Asks: 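After the structure tokens below, expect a handful of questions from me.
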Amino acid sequence: MKYDHKQIEKKWQDKWEETGVFHASNSSDKPKYYTLIEFPYPSGQGLHVGHPRSYTALDIVARKRRLQGYNVLYPIGWDAFGLPTENFAIKNHVHPAEVTKKNIARFKSQLRSLGISFDWSREINTTDPEYYKWTQWIFLQLFKHGLAYKKEMSVNWCTSCKCVLANEEVVNGVCERCGSEVIHRVKSQWMLKITEYAQRLIDDLELVDYPERVKAQQINWIGRSTGAEVDFSTTAGDKLTIYTTRPDTLYGATYMVVSPEHPVIEKWADKLKNMDEIRAYQVEAAKKSDFERTEVAKEKTGVRLDGVSAINPVTGKEIPIFISDYVLVSYGTGAIMAVPAHDTRDWEFAKKFDLPIIEVVKGGDVQNEPFTDCATGVMVNSGILDGLTVEQAKKKIIEYLTEKGIGHAKVNFKLRDWVFSRQRYWGEPIPIVHCEKCGYVPVPESELPLRLPDVKSYEPTDNGESPLAHMTDWVETTCPHCGGKARRETDTMPQWAGSSWYFLRYMDPHNSNAFASKEALKYWGEVDWYNGGMEHTTLHLLYSRFWHKFLYDIGEVPTPEPYAKRTSHGMILGENGEKMSKSRGNVVNPDEIVDEYGADTMRLYEMFIGDFEKSAPWSAAGIKGCRRFVERYWNLQNNISEETGIRKSLETSFHKTIKKVGEDIENLKYNTAIAALMALMNDLADAGSITRDELKIYTILLNPFAPHVTEEVWEAQKLGEGMVCQQQWPSYEKSKCMEDTIEIAVQVNGKVRARLSVAADVTKDDALAAAKAEDKVSAEISGKKILKEIYVPGKLVNIVAK
RNA sequence: GCGGGUGUGGUGGAAUUGGCAGACACGCCAGAUUUAGGUUCUGGUGCCGCAAGCAUGCAGGUUCAAGUCCUGUCACCCGCACCA
């Protein structure tokens, strides 16, 4: 009997589909378990070997849970809106919907060939109007609750995509997707108030089981800081409010800086004597890309506002005001007090513009370098704060400012509101009309979905308008409120919209009255285990937590957090250890691997490749080892013993392996779970045969990893009723996980001198006596004084002698 | 600068609470089977050796015992970053 992976795998994939064994039930007596992977973007390149790493891992969990008697939901769908599809459509003059359809078909057949136990009856597609109807519906709820608003503002503009980007989509000053330069552009944009949830997005991380690095990255991104807002009066008459985390250093504030975009500049225009110079600086700053502007080690630049100065509220001294691009308009108040003695940036600026540097915390040499590491220092030159520690001074100055009515404690976040409109075609239309009389009016919910109209050209425009803007028939409409003339919003939603709630749709994917029924939402509750990439930590993962919290607040979902447990897989690199990419020529095509070695081997290899959470290089040689393992399993059929049960000599091996495989799956240790199965295989090889009962257990243990070949062996050997995937996960007995006789090490002064075979429950005295009887040991300790004797049960004895 | 992480054979990687470093696999060496190659099977394989020894980035420390704990240090990776 030869192992023919092609025939076997096709056969079982068809069988699973026909019987629907992996379909989840919304009404089951069994406990529920919801496993989730990030649904793929169906790109034109097809499946990447990285995809199956995550899918297989959770497939193993899902399959194990079914064997453990759970009603498991392991769904799949398509996150299909997005730019690559649109760009391909433009280039090849096909409709994006056609491209999407084709790509999905390819992905689907590729995924099917891997034998992942997805519930295909719940397949969803974000570009399906029946799906995006509900994406639009949620947007309308956000709008109605004041969390979606339109605002004229400076936004990130990708010069190549010709489209705005959220802050989360700008990486190192370039577009996250295409790597092109990002510049600033003032545009009227739809925004979502994610900032309203900033604190809760931090706090509720305590409710969930996420890896530390994910939590840390989200907290870091949200960027909470505590400090104070302080009003400085100015010679222009009005006040200038700043934010600082170091109000204790207020006496050392010798000048102020406002960002180039700060509104006071226009306000003071008639008072400023060097307006030309200021305007020139503003223009320069606006022209710079994010990349240039945030370049580190760049020399400080700026222009003094000649004609207006400020008063330090505690020293009463008049201090100059500058504009400089080192102050950001979008953080704090867009204005700072500069304390050059204790801030590196302020110090550099002060040195360049020859401004006074006043030490207010003792301990540094502030004329020669900024003294910033001063959290434990003592205040000087600081009036009422003199002699206090920094901590005390912070408290006291805030009390003082509050009392005087010129300042107060303030918490600030780096997180900014989410820029939610895109000037592209292939996305969900934003269901809002603009009426001259009534303003922004939501499309009535009864009119959803607001379908994407067919357009002749999807080309993005240089003037920053969506291609939809040319569709006069569609754009010109009537106001749902007053019936007057109105225009539709022509921007579309960003790619992240559909994925912000998709896991809820899986619970009840065909519901036409709600995004999911209350019963379904209650039954499935939180996603129990969600695996996905680290690259989504501050994008999809944060966005979807935000939407979910909003839905929770308005009573639409029963839990405050969407995902109970999150894990993250490492990347699969090319054989050369570099990231797989076409340009590097190190891409491995999963189709070829499945074709040559089979899905079971591919799955095993991807799990065996290394620590699941770390990246690992692909190895063509390594995969052969897994294929050998599958064949060794297959060949067990040739040596079936007449005996029954688990033979005594293999009892410990089996119980140990059942324990280890089960535990390792729960702890993302797929590699060592497979190693344990291989080790047991070696034991079976030593035994020369396998009993039917042993084969039964081995087959169930291996099934989550290699589902096809195990089903085939199960059927061929008639190991039991039904399929393997319908059996029960085996249990182990703790007492049988340890051999009766074990080998322990004998150390003298910490060095191993002998090994000893003893009964597992040997006493300390017996173990030591046996140890001393060893020639090598007695030679070592003869004539020496025994200082200490240590016995670690089951491991070793150590004799300390001098 | 801030935050998270990694460093172990020729390679990928294993090592609950500190308790025999190198599980499992790849590769390599030798042998068997085969007309030959591949496949398969058996044995060997950290380093240096006659022995004693030496080995988890480096240097110290704690301990009967350290890959694991502590102090210092170097290198690399990831995320954020003129965030006041």
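As the structure is a computational prediction, the values presented were derived from the model and not from experiment.
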Asks: Which nucleotide in the set B:A14, B:G13, B:G4 lies at the smallest distance from any side-chain heavy atom of A:Thr672?
Replies: B:A14
Asks: Answer whether the closest heavy-atom distance between the side chains of A:Leu677 and A:Tyr698 falls below 4.5 Å.
Replies: yes
Asks: What nucleotide among B:G12, B:G13, B:G79 has an atom nearest to a side-chain atom of A:Phe608?
Replies: B:G12
Asks: Think A:Tyr326 has a side-chain N or O under 4.0 angstrom from the OP1 or OP2 of B:A84?
Replies: no
Asks: Round to a whole Å and report the spacing from NZ of A:Lys751 to P of B:G53.
Replies: 6 Å
Asks: Using a 90° cut-off around 0 for syn, call B:G9 syn or anti.
Replies: syn
Asks: Establish, yes or no, whether a centroid distance under 6.0 Å links the rings of A:Trp618 and A:Tyr605.
Replies: yes
Asks: If you only use heavy atoms from C-beta on, which nucleotide in B:G13, B:C26, B:A84 is closest to the side chain of A:Thr244?
Replies: B:A84
Asks: Which listed nucleotide (B:G4, B:G53, B:C24) is nearest to the side chain of A:Ala216?
Replies: B:G4
Asks: If I take atom CG in residue A:Asn220 and atom P in nucleotide B:G4, what distance separates them, rounded to the nearest angstrom?
Replies: 9 Å
Asks: What do the steps show when you test A:Lys300 against A:Glu348 for salt bridge (Lys or Arg N to Asp or Glu O under 4.0 Å), and what is the final call?
Replies: CA-CA 7 Å; A:Lys300 296 277 176 292; A:Glu348 286 169 6; 3.0 Å; yes
Asks: Contact class for A:Arg416 vs. all strands (heavy atom < 4.0 Å): base, sugar-phosphate, or nothing?
Replies: base
Asks: Report the nucleotide, chosen from B:G13, B:A84, B:A25, that has the shortest atom-to-atom distance to any side-chain atom of A:Thr245.
Replies: B:A84
Asks: Salt bridge check: are A:Arg566 and A:Glu38 linked by an N-O gap of less than 4.0 Å?
Replies: yes
Asks: Dot-bracket, 5' to 3', for RNA chain B please: Watson-Crick or G-U pairs under 3.5 Å, [ ] where pairs cross earlier ones, | where the partner sits on another strand, dots elsewhere.
Replies: (((((((..(((......[....)))((((((.......))))))((.....))..(((((..]....))))))))))))....
Asks: May I ask you to check whether A:Phe349 and A:Tyr326 place their ring centres under 6.0 Å from each other?
Replies: yes
Asks: Please report the C-alpha distance between A:Leu542 and A:Leu415 in whole Å, then the side-chain angles of each, then the deciding distance to 0.1 Å, and finally whether the side chain to side chain contact (heavy atoms under 4.5 Å, CB included) criterion is met.
Replies: CA-CA 11 Å; A:Leu542 195 64; A:Leu415 184 71; 4.1 Å; yes
Asks: Has A:Asn682 got a side-chain N or O lying under 4.0 Å from the OP1 or OP2 atom of B:A25?
Replies: yes
Asks: Would you say the side chain of A:Lys414 and the base of B:C80 hold a donor-acceptor pair, judged only by whether the two atoms sit under 3.5 Å apart?
Replies: no
Asks: In whole Å, what separates the C1' atom of B:U42 from that of B:C48?
Replies: 29 Å
Asks: Using a 4.0 Å heavy-atom cut-off, does A:Asp346 contact any base of the nucleic acid, only the sugar-phosphate backbone, or nothing at all?
Replies: nothing
Asks: In whole angstrom, what separates A:His536's NE2 from B:C78's P?
Replies: 18 Å
Asks: Rounded to whole angstrom units, what separation is found between the CG atom of A:Asp325 and the P atom of B:C82?
Replies: 11 Å
Asks: Does a side-chain N or O of A:Lys669 approach OP1 or OP2 of B:U16 to a distance below 4.0 Å, or not?
Replies: no
Asks: Nearest whole Å is fine: how far is B:C80 C1' from A:Glu176 CD?
Replies: 15 Å
Asks: Rounded to the nearest angstrom, tell me the gap between atom CG in A:Leu539 and atom C1' in B:G79.
Replies: 12 Å
Asks: Give me, pair by pair, the N or O atoms of the protein and of nucleotides 63-66 of chain B that are less than 3.5 Å apart, along with how far apart they are.
Replies:
| unit_1 | atom_1 | unit_2 | atom_2 | d |
| --- | --- | --- | --- | --- |
| B:C64 | O2' | A:Asn798 | ND2 | 3.3 |
| B:C64 | O2 | A:Asn798 | ND2 | 2.6 |

Asks: Side chain of A:Leu328 only, please: which of B:C82, B:G79, B:G27 is the nearest?
Replies: B:C82
Asks: Less than 4.5 Å apart, any side-chain heavy atom of A:Asp346 and any of A:Ile336?
Replies: yes
Asks: Using 30° and 60° as the class boundaries, would you call the ring planes of A:Trp634 and A:Tyr3 parallel, tilted or perpendicular?
Replies: tilted
Asks: In whole angstrom, give me the gap between the P atoms of B:C28 and B:G19.
Replies: 35 Å
Asks: Would you kindly give the CZ-to-P distance between A:Arg632 and B:U39, to the nearest whole Å?
Replies: 15 Å
Asks: Hey, which of these two, A:Met534 or A:Tyr243, hits RNA chain B nearer its 5' end, going by closest nucleotide?
Replies: A:Met534
Asks: When you measure from the side chain of A:Arg628, which nucleotide among B:A81, B:A84, B:G27 comes out closest?
Replies: B:G27
Asks: I want to check something: taking the side chain as every heavy atom from C-beta on, are A:Val797 and A:Gln747 in contact at a cut-off of under 4.5 Å?
Replies: no
Asks: Strictly below 4.0 Å, N to O, side chains only: are A:Lys669 and A:Asp664 in salt-bridge contact?
Replies: no
Asks: Under 4.0 angstrom, heavy atoms only, what part of the nucleic acid is A:Lys300 near: base, sugar-phosphate, or nothing?
Replies: base
Asks: Counting side-chain heavy atoms from CB outward, which of B:G27, B:C24, B:A84 is closest to A:Tyr331?
Replies: B:A84
Asks: Using a heavy-atom cut-off of under 4.0 Å over every strand shown, decide if A:Leu796 touches base, sugar-phosphate, or nothing.
Replies: base
Asks: Verify the contact: side-chain N or O of A:Thr537 to OP1 or OP2 of B:G79, cut-off strictly under 4.0 Å; return yes or no.
Replies: no
Asks: Hey, could you give me each pair passing salt bridge (charged side-chain N to carboxylate O under 4.0 Å, His left out) that has a residue in residues 243-259 of chain A? Not counting sequence neighbours.
Replies: A:Arg246-A:Asp248
